Protein chains: 2
Amino acid sequence: MTISKKSASVHQVEPDDKEPTSVAGLELENRLGYALRRAQLTVFKHFNEAMQAYEIRPAQFSSLVVIEGYPGITQTNLAKILDIDPPRIVSLINHLEERGLALRVRCKRDKRSHGIFLSKKGEALTEQLKALAEQSDIQATQSLSEIERRQLLSLLVKIYAPDTADE
Amino acid sequence: MTISKKSASVHQVEPDDKEPTSVAGLELENRLGYALRRAQLTVFKHFNEAMQAYEIRPAQFSSLVVIEGYPGITQTNLAKILDIDPPRIVSLINHLEERGLALRVRCKRDKRSHGIFLSKKGEALTEQLKALAEQSDIQATQSLSEIERRQLLSLLVKIYAPDTADE
DNA sequence: ACTATCTAGTTAACAACTATAACTATATGC
DNA sequence: GCATATAGTTATAGTTGTTAACTAGATAGT
């Protein structure tokens, strides 16, 4: 089936019958955006497989963990923390509420805002999911040592939250 | 405006009036998928700003660089390399062709397939964009040293292409 | 109290991206 | 020459991300 191994030759004028299979050697290999996206897709694929049985998507998982950590958080604050637009939060919480994992509590002092809490069921599930997510991370990064994994994590935090990166 | 600094207290039954602003301290901070996504969004934001004047989106940039490296590559192979579905390649190449940056050449041996080439204009633009992308990467990761940036890149390659990671 | 302005949440509309199925034209193997 | 496979394309639908606009309640000034 495979016709030939890739050769490094370049600058030809005829359609190419070789089968290059990676970006190795191209400038693309040095671009952080590209590498981040590809790595993210890899890790997300594992995550989604792990969560498939629970029908939990990445944004839902993140929300559950944040609500668990900040019970009574308002939707606005949740949106800020996760850097998600407020309209997206609405359907996210709707979904969690429909499944009986979270609930909105109208705030007495400011009747416009809702505090979000996990139900007992939501708390229990979140505990499970956190363990699952950790396993998924490890599986997705088999090619990394534990030290490298931690290194990677700390470099990533420096990028997306340079202020909070362990000082 | 700001009401109060976040306190670490948790497990309350009333809506929270504190304003947590990050995932610091939460389990989420240790999840690779989350960190990768947030970091990717950060880097992409810079990239998109840099490319805005040229109306080039990330996938288009990647395509240009791969076509430059493998002139005459078929759409199928381009799809494989970038891990994009074939239908998506079609509109991508259409767009590049409409802008006079790339062109399809029907392959003589296999009249089903097209070799894709950059036009002179496409080549010139790609050179410009590559330099721009590098600058954008650096700007997006000001909080990293050059060594850390290279470290990060190599860790990411290990994840998404464990076989080709510099052996 | 009365009005204007602000904010939290929501709804709706829309663009962008992803994934799938099906169609065409060639090509290949028996 | 017939059945099957492949490259590219088109069409379609589901998901996400983005923006604008609406409602209910809050706040400040007069």
Side-chain angles (χ1 to χ4, degrees), chain A residues 1-3 15-19 37-38 40-41 44-45 47-49 51-52 55-63 72-98 102-116, chain B residues 1-3 15-17 19 37-38 40-42 44-45 47-49 51-52 55-63 72-98 102-116:
Chain A
M1 256 326 161
T2 43
I3 299 177
D16 198 341
D17 63 340
K18 295 165 204 73
E19 286 196 352
R37 174 159 166 71
R38 291 298 297 264
Q40 191 225 305
L41 287 178
F44 266 44
K45 193 188 294 185
F47 180 90
N48 284 326
E49 278 166 19
M51 296 292 168
Q52 197 176 348
E55 296 187 84
I56 288 287
R57 317 264 307 130
Q60 296 173 336
F61 173 73
S62 307
S63 302
I73 189 172
T74 63
Q75 297 182 197
T76 304
N77 275 337
L78 185 56
K80 269 183 208 154
I81 289 190
L82 294 178
D83 199 24
I84 292 178
D85 294 305
R88 183 135 172 53
I89 294 284
V90 174
S91 62
L92 237 155
I93 305 292
N94 281 346
H95 204 242
L96 295 180
E97 217 173 17
E98 282 159 19
L103 54 148
R104 291 172 166 95
V105 175
R106 187 145 280 235
C107 178
K108 293 181 189 72
R109 277 157 309 188
D110 185 340
K111 274 182 265 181
R112 290 171 306 177
S113 63
H114 298 133
I116 321 258
Chain B
M1 254 327 160
T2 43
I3 299 177
D16 198 341
D17 63 339
E19 286 195 350
R37 173 158 168 70
R38 291 298 297 263
Q40 192 225 305
L41 287 178
T42 301
F44 265 45
K45 193 189 293 185
F47 180 91
N48 285 325
E49 277 166 19
M51 297 292 169
Q52 195 177 347
E55 296 187 83
I56 289 285
R57 316 264 306 132
Q60 296 173 336
F61 173 73
S62 306
S63 301
I73 188 172
T74 62
Q75 297 183 196
T76 304
N77 275 337
L78 185 57
K80 270 184 209 154
I81 289 189
L82 294 177
D83 200 24
I84 292 178
D85 294 306
R88 185 137 168 54
I89 294 285
V90 174
S91 63
L92 237 155
I93 304 293
N94 281 346
H95 204 242
L96 295 180
E97 216 172 16
E98 281 160 20
L103 54 147
R104 292 173 166 93
V105 175
R106 186 145 280 234
C107 178
K108 292 179 189 71
R109 278 157 309 189
D110 185 340
K111 275 180 268 184
R112 290 170 305 179
S113 64
H114 298 133
I116 321 257

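Please read all numbers here as calculations on a predicted model, not as lab measurements. In what follows, every chain begins at residue 1, and chains take the letters A, B, ... in the order their sequences are listed. These values consider heavy atoms only, across backbone and side chains, with no hydrogens, waters or symmetry-generated copies.
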Return the value, rounded to whole Å, for the distance between atom [atom1] of [X] and atom [atom2] of [N].
X: B:Ile84; N: C:dA19; atom1: CD1; atom2: P; answer: 10 Å
X: A:Lys111; N: C:dT10; atom1: NZ; atom2: P; answer: 17 Å
X: B:His114; N: D:dA7; atom1: NE2; atom2: C1'; answer: 8 Å
X: B:Asp110; N: C:dT28; atom1: CG; atom2: P; answer: 6 Å
X: B:Arg109; N: C:dA27; atom1: CZ; atom2: P; answer: 12 Å
X: A:His95; N: D:dT16; atom1: NE2; atom2: C1'; answer: 15 Å
X: B:Phe44; N: C:dA16; atom1: CZ; atom2: P; answer: 16 Å
X: B:Ile89; N: C:dA19; atom1: CD1; atom2: P; answer: 13 Å

Whether [X] side chain and [Y] backbone form a donor-acceptor pair below 3.5 Å:
X: A:Arg106; Y: A:Lys111; value: yes
X: B:Gln40; Y: A:Gln40; value: no
X: A:Asn77; Y: A:Ile73; value: no
X: A:Asp85; Y: A:Pro87; value: no

Report yes or no: is there a donor-acceptor pair, N or O only, under 3.5 Å between the side chain of B:Arg88 and the base of C:dT18?
no

Could you tell me whether the side chain of A:Gln75 reaches within less than 4.5 Å of the side chain of A:Ile116, counting heavy atoms only?
yes

Checking D:dG25, C:dT10, C:dT26 against the side chain of B:Arg106 (C-beta onward), the nearest is C:dT26

Does [N] have its OP1 or OP2 closer than 4.0 Å to a side-chain nitrogen or oxygen of [X]?
X: A:Arg104; N: C:dT10; value: yes
X: A:Arg57; N: D:dT16; value: yes
X: B:Thr76; N: D:dG8; value: yes

Using the closest heavy atom to pick a nucleotide of DNA chain C for each, name whichever of A:Arg37 or A:Pro86 lands nearer the 5' end.
A:Pro86

Both A:Arg112 and B:Asp85 contact DNA chain C. Taking the nearest nucleotide for each, which residue is further toward the 5' end?
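Counting from the 5' end, the first nearest nucleotide belongs to A:Arg112.
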
